[in-house]
There are 4 protein chains.
Amino acid sequence: MGKTRLEAFSDGVLAIIITIMVLEMKVPHDPTPAALLGLLPVFLSYVLSFVYVGIYWNNHHHMLHTCTRVTGGILWANLHLLFWLSLLPFATGWMGENHFAPLPSAIYGLVLLAAAVAYYVLQQAIIAVQGERSLLRQAVGGDWKGKASPLLYLAGIGLTFVSTWLAQAIYVLVALIWLVPDRRIERVAGHDA
Amino acid sequence: MGKTRLEAFSDGVLAIIITIMVLEMKVPHDPTPAALLGLLPVFLSYVLSFVYVGIYWNNHHHMLHTCTRVTGGILWANLHLLFWLSLLPFATGWMGENHFAPLPSAIYGLVLLAAAVAYYVLQQAIIAVQGERSLLRQAVGGDWKGKASPLLYLAGIGLTFVSTWLAQAIYVLVALIWLVPDRRIERVAGHDA
Amino acid sequence: MGKTRLEAFSDGVLAIIITIMVLEMKVPHDPTPAALLGLLPVFLSYVLSFVYVGIYWNNHHHMLHTCTRVTGGILWANLHLLFWLSLLPFATGWMGENHFAPLPSAIYGLVLLAAAVAYYVLQQAIIAVQGERSLLRQAVGGDWKGKASPLLYLAGIGLTFVSTWLAQAIYVLVALIWLVPDRRIERVAGHDA
Amino acid sequence: MGKTRLEAFSDGVLAIIITIMVLEMKVPHDPTPAALLGLLPVFLSYVLSFVYVGIYWNNHHHMLHTCTRVTGGILWANLHLLFWLSLLPFATGWMGENHFAPLPSAIYGLVLLAAAVAYYVLQQAIIAVQGERSLLRQAVGGDWKGKASPLLYLAGIGLTFVSTWLAQAIYVLVALIWLVPDRRIERVAGHDA
């Protein structure tokens, strides 16, 4: 019951975040190839963030599928996740407009890190409500992805001041790790998608 | 039946309001710590407003859960609430960009006050439709939160011209009071979230 | 089946239109009463448009309630209505920023007129599909509101060049006529809201 | 189950895309006929893109109607389609502001081409999941529209550098071809809309 509105609200916020990011790609005044090329960094950062929001939507969708009771704690853990994801358009735009300069790239990694932590907190809140025989706990298992991601983000944030491209490579790597859909939940819950 | 669309539309508007507010945090041109620091007041006001919209979504969700019949009066009372909440991105941006100056802070409090009154009106409209044995009336009980909030907002608005930080403290206090989910309805309705 | 997605998509577009309009009320730089007063025309035009979108959402909701079969024609008639309503934020902003100057006020009336015609076309498309014993046709009856509104909009458009305030008065009048919820459908369909 | 959220998320993104495009039509400062006329190219490109998003929503709706199982592959094929459509507001604004200059018009065609390819990929992903007796495969049949559109877009892109108006004519032509609702699926699935 409550789950339907939780999903609907989350879908709404994620849909708006993913679409609002494109507004950071400002329409240039001139109809020239140079004007278009100047947008390349913003475009690349948009692609990366689009994939990240897609991953979050995808996994959020799987995770809530296992959730049978929605408590106040879960509602706020969910809003906490949405809060950090709502900062992604800002971080994306700042990083893109400044051609992946160190500080904006570090802030971008920080937002990804905070969102990952918030996702983990939401996951634990759902597991706690499900109790002993939690379907989600079985599905997540050792959760190596969930544990490796924050470490990789931290590495990325630190590396921005050494080589911003190394940091970007790490952000792309984490996205690739997650792009593989979370088959763990599909397997345990025995459902598609 | 009608309730589904009322919830869907409200969810949509609240999701957009909460996400659009982040657009007031304009991407700075320079990739410097100073540029980032300059955004701190806008960021803080964004956090406060995000929490407020989260509280409204949460309580709105609980309140409509008890609602069985949707009348024209309820539809318009709901739109009236959404109207005041739709002014929150403007008030948030103006207050943040002016570093919590008195007038914008007072207007921010005024928008919160109007939203609180609109929420109360919606609550009464639902109770009136439910009649004598209103589930919502039982759930709300003495409604000390609903009665204390407008008074606190009024105090905050008045205090902006004495000390803007005192006003902010009051706005934060009211948010904290409401952050505790409305267990009254959960208890009476015997449902989660 | 198809109706659910038609309603969801319409709700989404209407929710975005109603919320995007507030972005035309640009955050002023100064925290002064003068800056706030300068926004009054934009604010007033926002209130009027908010009420209009609310009316359209409300009546759209009632109308689709009677609709049992969704055809391609109905889908496109609905998109046609959403198209004109999507121009409302532009017309609202232009009229407000120019303090209800004649031309923007006339364009505002033109958008309202086109939306009213599109609403009528959608209504006829639904009635046509329902056939002889159309519930919607009975509900609408003589449809004096639907017939009077375009004439009043036309009068308003013409009058903008005589007295822009007279035109505004007419736009407000039509809104007031429609603010009374469409009890005709409630009566015939025997449902609330 | 999963399909409901897939549809809800897609509806949300498409609703935002279609509404955000109108923001490219910036409110002019002067209340003059010249200011309005200057917006004509942006308005025309908005109309074209509105129709295209409407077509995609319409056909997406039909296509998912036949879909019974949602896999990870379908989720990502869907996000891929939404990605290209999310670039439409940018391409529309750039083309409109530059009065249909060759390069922006070619980029516009490129976005349409990529969206068409993404739609085809999504269609094949759904057919693959449905297996031998795929309802969607029967419905699509020879799929001449799906095959002709990319070729026409390619022609349009090439022609922008010869005559931008010829390119626009082709973009309009493809829209007209698709405006006829996809009766193939309606026929096979035996449902309305």
Side-chain angles (χ1 to χ4, degrees), chain B residues 1-21 23-24 26 42 45 67-76 78-80 82-108 110 129 160 164, chain C residues 3-37 39 42-43 46-62 64-65 178-183 185-186 189-193:
Chain B
M1 183 77 68
K3 196 169 91 168
T4 311
R5 270 196 86 177
L6 184 68
E7 288 184 331
F9 185 72
S10 305
D11 280 351
V13 171
L14 291 174
I16 298 159
I17 288 171
I18 216 170
T19 326
I20 261 181
M21 281 191 306
L23 293 179
E24 296 297 339
K26 302 270 172 20
V42 182
S45 64
C67 177
T68 44
R69 274 179 57 209
V70 179
T71 61
I74 290 174
L75 283 184
W76 281 103
N78 190 58
L79 276 168
H80 179 232
L82 295 178
F83 172 77
W84 290 108
L85 292 176
S86 81
L87 296 180
L88 213 50
F90 169 83
T92 305
W94 200 35
M95 182 170 78
E97 279 187 29
N98 287 290
H99 297 208
F100 305 97
L103 182 63
S105 300
I107 294 294
Y108 185 81
L110 207 65
V129 168
T160 49
T164 183
Chain C
K3 194 169 93 169
T4 310
R5 269 197 87 178
L6 184 68
E7 289 183 332
F9 185 73
S10 306
D11 279 352
V13 171
L14 291 174
I16 298 159
I17 289 171
I18 216 169
T19 326
I20 263 182
M21 280 191 306
V22 88
L23 293 179
E24 296 297 339
M25 214 161 77
K26 302 271 171 19
V27 171
H29 285 289
D30 304 319
T32 58
L36 199 61
L37 259 173
L39 285 171
V42 181
F43 178 73
Y46 173 60
V47 173
L48 183 58
S49 294
F50 190 98
V51 170
Y52 264 112
V53 178
I55 289 167
Y56 270 104
W57 177 71
N58 206 328
N59 289 334
H60 188 264
H61 169 167
H62 279 84
L64 277 184
H65 195 84
W178 282 101
L179 259 181
V180 183
D182 215 324
R183 297 204 180 281
I185 294 179
E186 288 186 34
H191 76 90
D192 300 304

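We name chains A, B, ... by the order of the sequence lines, and we start the count at 1 in each one. The figures here come from the full heavy-atom set of this structure, side chains too, leaving out hydrogens, waters and symmetry mates.
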Spatial distance of atom CH2 (Trp76(B)) from atom CG (Asn58(C)) [nearest 0.5 Å]: 6.0 Å
Answer key: most heavy-atom pairs under 4.5 Å with chain B among Asp30(C), Val47(C), Leu14(C) is Asp30(C)
Can you find a pair of side-chain heavy atoms, one from His61(C) and one from Leu6(B), that are under 4.5 Å apart? no
Shortest non-hydrogen contact between Tyr46(C) and Leu87(B), atoms and distance: CE2-CD2, 3.8 Å
With a 4.5 Å heavy-atom cut-off, do Pro33(C) and Leu103(B) have their side chains touching? yes
Check each atom of Ile74(B) against the heavy atoms of chain C and say whether the ones under 4.5 Å are side chain, backbone, both or neither. neither
Portion of Leu64(C) that has a non-hydrogen atom of chain B nearer than 4.5 angstrom: side chain
Per-residue contact mode, Val53(C) against chain B (heavy atom under 4.5 angstrom): neither
Taking all atoms of both residues into account, what is the closest heavy-atom pair of Val13(B) and Ala15(C), and its distance? CG2-CB, 3.7 Å
In short, Phe90(B) meets Pro28(C) closest at the heavy-atom pair CE1-CD, 3.8 Å
Relative to chain B, which segment of Ile16(C) carries a heavy atom at a distance below 4.5 Å: side chain, backbone, both, or neither? both
Closest non-hydrogen atom pair, Phe9(B) against Asp11(C): CD1-O, 3.8 Å
Atom group of Ile20(B) that falls short of 4.5 Å from chain C, counting heavy atoms: side chain
Proximal component of Leu39(C), with respect to chain B [non-hydrogen, under 4.5 Å]: side chain
For residues Leu79(B) and Trp57(C), report the shortest heavy-atom separation together with the two atoms involved. CD1-CE3, 4.4 Å
Val22(C), Leu36(C), Ile55(C): which one forms the most heavy-atom pairs within less than 4.5 Å of chain B? Leu36(C)
Do the non-hydrogen side-chain atoms of Thr4(B) and Glu7(C) ever get within less than 4.5 Å of each other? no
Do you know the tightest heavy-atom contact between Glu24(B) and Val27(C)? OE1-CG2, 3.4 Å
